[in-house]
Number of protein chains: 4
Amino acid sequence: MGLRERRAREKEARRRQIIDAARSLLFEKGLQATSINQIAKRAELAVGTIYFYYSSKEELFAELQEEGLELLMEKIQQASLAVGDPKERLRSMAMAYYDFSLEHKDYFDIINYFLSSPKVLLSADFKQRVDQRMEKILVFINATFAKGMEKGTLGEQAQESHGVLLLAAFHGLMQFRKFETTIFQGISHRTLYKRAVGHLLDGIDATLG
Amino acid sequence: MGLRERRAREKEARRRQIIDAARSLLFEKGLQATSINQIAKRAELAVGTIYFYYSSKEELFAELQEEGLELLMEKIQQASLAVGDPKERLRSMAMAYYDFSLEHKDYFDIINYFLSSPKVLLSADFKQRVDQRMEKILVFINATFAKGMEKGTLGEQAQESHGVLLLAAFHGLMQFRKFETTIFQGISHRTLYKRAVGHLLDGIDATLG
Amino acid sequence: MGLRERRAREKEARRRQIIDAARSLLFEKGLQATSINQIAKRAELAVGTIYFYYSSKEELFAELQEEGLELLMEKIQQASLAVGDPKERLRSMAMAYYDFSLEHKDYFDIINYFLSSPKVLLSADFKQRVDQRMEKILVFINATFAKGMEKGTLGEQAQESHGVLLLAAFHGLMQFRKFETTIFQGISHRTLYKRAVGHLLDGIDATLG
Amino acid sequence: MGLRERRAREKEARRRQIIDAARSLLFEKGLQATSINQIAKRAELAVGTIYFYYSSKEELFAELQEEGLELLMEKIQQASLAVGDPKERLRSMAMAYYDFSLEHKDYFDIINYFLSSPKVLLSADFKQRVDQRMEKILVFINATFAKGMEKGTLGEQAQESHGVLLLAAFHGLMQFRKFETTIFQGISHRTLYKRAVGHLLDGIDATLG
DNA sequence: AATGAATGAGACTTCATTCAT
DNA sequence: CATGAATGAAGTCTCATTCAT
């Protein structure tokens, strides 16, 4: 049994070695400019070895996307712990997402890349894994909603819709940050984002209350 | 002077011939998979001819993005004409955007591609042209807001922020359509979108009123 | 007759317009990086017009080479006028060549380009024209020798050999300037050149005297 | 360990295969007209394979230049062995250079190409390697000088300058061979060269003696 | 398990030249 | 005379993937 265990551990270590190299390169050069050869060189492994652990470039990047979503989940959870009032808690979570997009810009870009790509880049298997991570985040948001609705009358479906609504709207707002220098005149993107979060939560509140 | 006119017309026709080929390929294969060689082949022109009319792949795609934004602008304007009440008008415009993303999925994808790409793909010149189109849309949304605020007390900046807020939130929501089959269970994406629009406008209304 | 004259003048003006554009581009970007299209743009003429006046890129550059050789000839002649003693005169001419290679680096490069290219780049016609310019320089050097040899006993052939000898040796020395920063240690290229001129003239003098 | 050795040998063989193809093409068509595609075809390898062994066209050609300079060094060394008297030895070395330029015209052309090109074609790294080979030749010439100067009084610098002086002058003379058929009338280039060598050595001798 | 040499299609772009108008 | 649109071969280089060892 010891052998099999050691084998498994070593295998996991190699995967980590590879994903570390891929991540650092991706964050340096961007998604398109990162090649398998470069990853192999940085990981100090042969190209063939990469392909032994990851069947394609796609799979490698999907794993990074999972990483990013997991980190985002953590950040959002932490943000929710700090505050008591559910509405304030949601506001806090929204800002956590905002900060994530700044502090972990690279992960955000990867997530965004896959999120906004029109074509299905990932095969069914990866897509499912990624979707599950995303769903966990949504479920968490919805749970926060649920807690804040003792007086409300919304069913399960309605709650779910609110989670997506918030996440999607926030995500969209984040993408418009690139217009900060050109189109927005005078208002910082952060201010805009905060205001939007307020409007959204107020709007939902009004419906609920 | 007939000659010069005809020349100009022919030149315009060639540009159209090229942009048509580029668009159809882009819509089939996606931005990254579309090459100048393929465009040339589909346009039944030599590669060099493409470069005679467009100095780079970048310029070609920037023009397509402009096309898309112009069409979107038209749709939004048309939608606004139908309704009298400003709030309803905004709702109508939001749905026009939604329909645009379905009916002109290809253009939406191009817009989305450039909007969500982390790196600056376009050089300053093209970026400016595209940004101007985007700004026109925002200005139009803001104008609609302005009309609906006789009783309100918001300054110029606040109005501007509302336009971006709506557009960005709607855009983000659109990107989440791909989860319709996996994460959303039971609710259609359209329903979700409509609900979100309602919440947003209510939220803003609450602030204004 | 007036018409034909004017025509000829205009034609010459056009040629000049083209060669001016070619020269300035060549001096900016180097020989290989200069294209006919660029020349046409700078000359504010159509590409086809260039080809009406110069049958090929080659011919254009050959004309520039002629220009360079003519200028070199002038410089050498001027240098020879300043001094009385033939030996000193040759020394002065040698330094004129050196200065030419610095002050008119671009022309020197063109001359050098054609001189050192292993393949026959120019067609017979151009080659002859260029050779004639080169020969004029040699003839002039030889004439200076001849004047300094009342006491000597060298025949025509020998004189001719001296001209080539000097010109070639000087030219070779010029090409080694690029080692000034790496191989030469402590000696400036100019010093080296001067010393070489001295040795060469002394060597010839010894043979003659 | 047999495997690793064999691998290394095979890799060396491939490099040779490539450099052989490059050399033969270069000698047929000239530097500018030789493309990587052609080299690949002649070497019966894929284009990518060329780039696996040589990271650029530049590196390939730099290696050829090194080859040429090494061969030239050998020829000059051999020539120096045959004769006892230093002055005669230098004469012999000069003729070895002359013969090299005829017998290994192709290598001479490559050396000449890089020597006379105005732009820095090679990046710093390659340039250094080539310069070092050139320096070895100069050092060797200087050593021959040093040996012949028991009676002389020249310092270190002076010796060094003599090496460059001779090499550069000889090289320049070689470039003028192309005028053999047009400008020189009656004198063979070889005769001219010999005479120049004589003058140069006499000139230096006079200074030394 | 791991290696790494080899593939070859395909990427974008340039450019001298032609020719119908 | 002059135009300038059109050509298309050729250029260098990249890269995901394979497979014999």
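To find a chain, count down the sequence lines: A is the first, B the second, and so on, and within it residues start at 1.
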Quick one: which of F:dT3, F:dA2, E:dA2 gets closest to the side chain of C:L45? F:dT3
In whole Å, I'd like the distance from the OH atom of D:Y51 to the C1' atom of E:dG4. 20 Å
Looking for any heavy atom pair under 4.0 Å, which part of the strands does C:Y53 touch: base, sugar-phosphate only, or nothing? sugar-phosphate
Between P of F:dC15 and CD1 of A:I50, the distance in whole Å: 15 Å
To the nearest angstrom, the CZ-C1' distance between D:R6 and F:dA20 comes to 10 Å
In whole Å, I'd like the distance from the CG atom of C:N37 to the P atom of E:dA16. 7 Å
Nearest whole angstrom, please: distance from the P of F:dT3 to the CD of C:E44. 11 Å
Pairing donors with acceptors under 3.5 angstrom, does anything connect the side chains of A:Q65 and A:Y107? no
Under 6.0 Å between ring centres: does that hold for B:F126 and B:F61? no
Between D:S56 and C:K11, name the one whose nearest nucleotide on DNA chain F is closer to the 5' end. C:K11
F:dA2 pairs with, by Watson-Crick or G-U criteria that keep both distances under 3.5 Å: E:dT21
Please report, rounded to the nearest Å, how far the P atom of E:dG4 is from the CZ atom of A:F52. 16 Å
note: B:Q38, atom CD; E:dG10, atom C1'; distance rounded to Å ~ 9 Å
Could you identify the nucleotide paired to F:dT12, looking across every strand shown and requiring Watson-Crick or G-U wobble geometry with both distances under 3.5 Å? E:dA11
Consider only side-chain N and O atoms of C:T49 and C:R14, and report whether a donor and an acceptor are under 3.5 Å apart. no
Taking the nucleotide of DNA chain F with the closest heavy atom to each, which residue, C:A46 or D:S35, is nearer the 5' end? C:A46
Under a 4.5 Å cut-off applied to non-hydrogen side-chain atoms, are B:Y53 and B:K11 in contact? yes
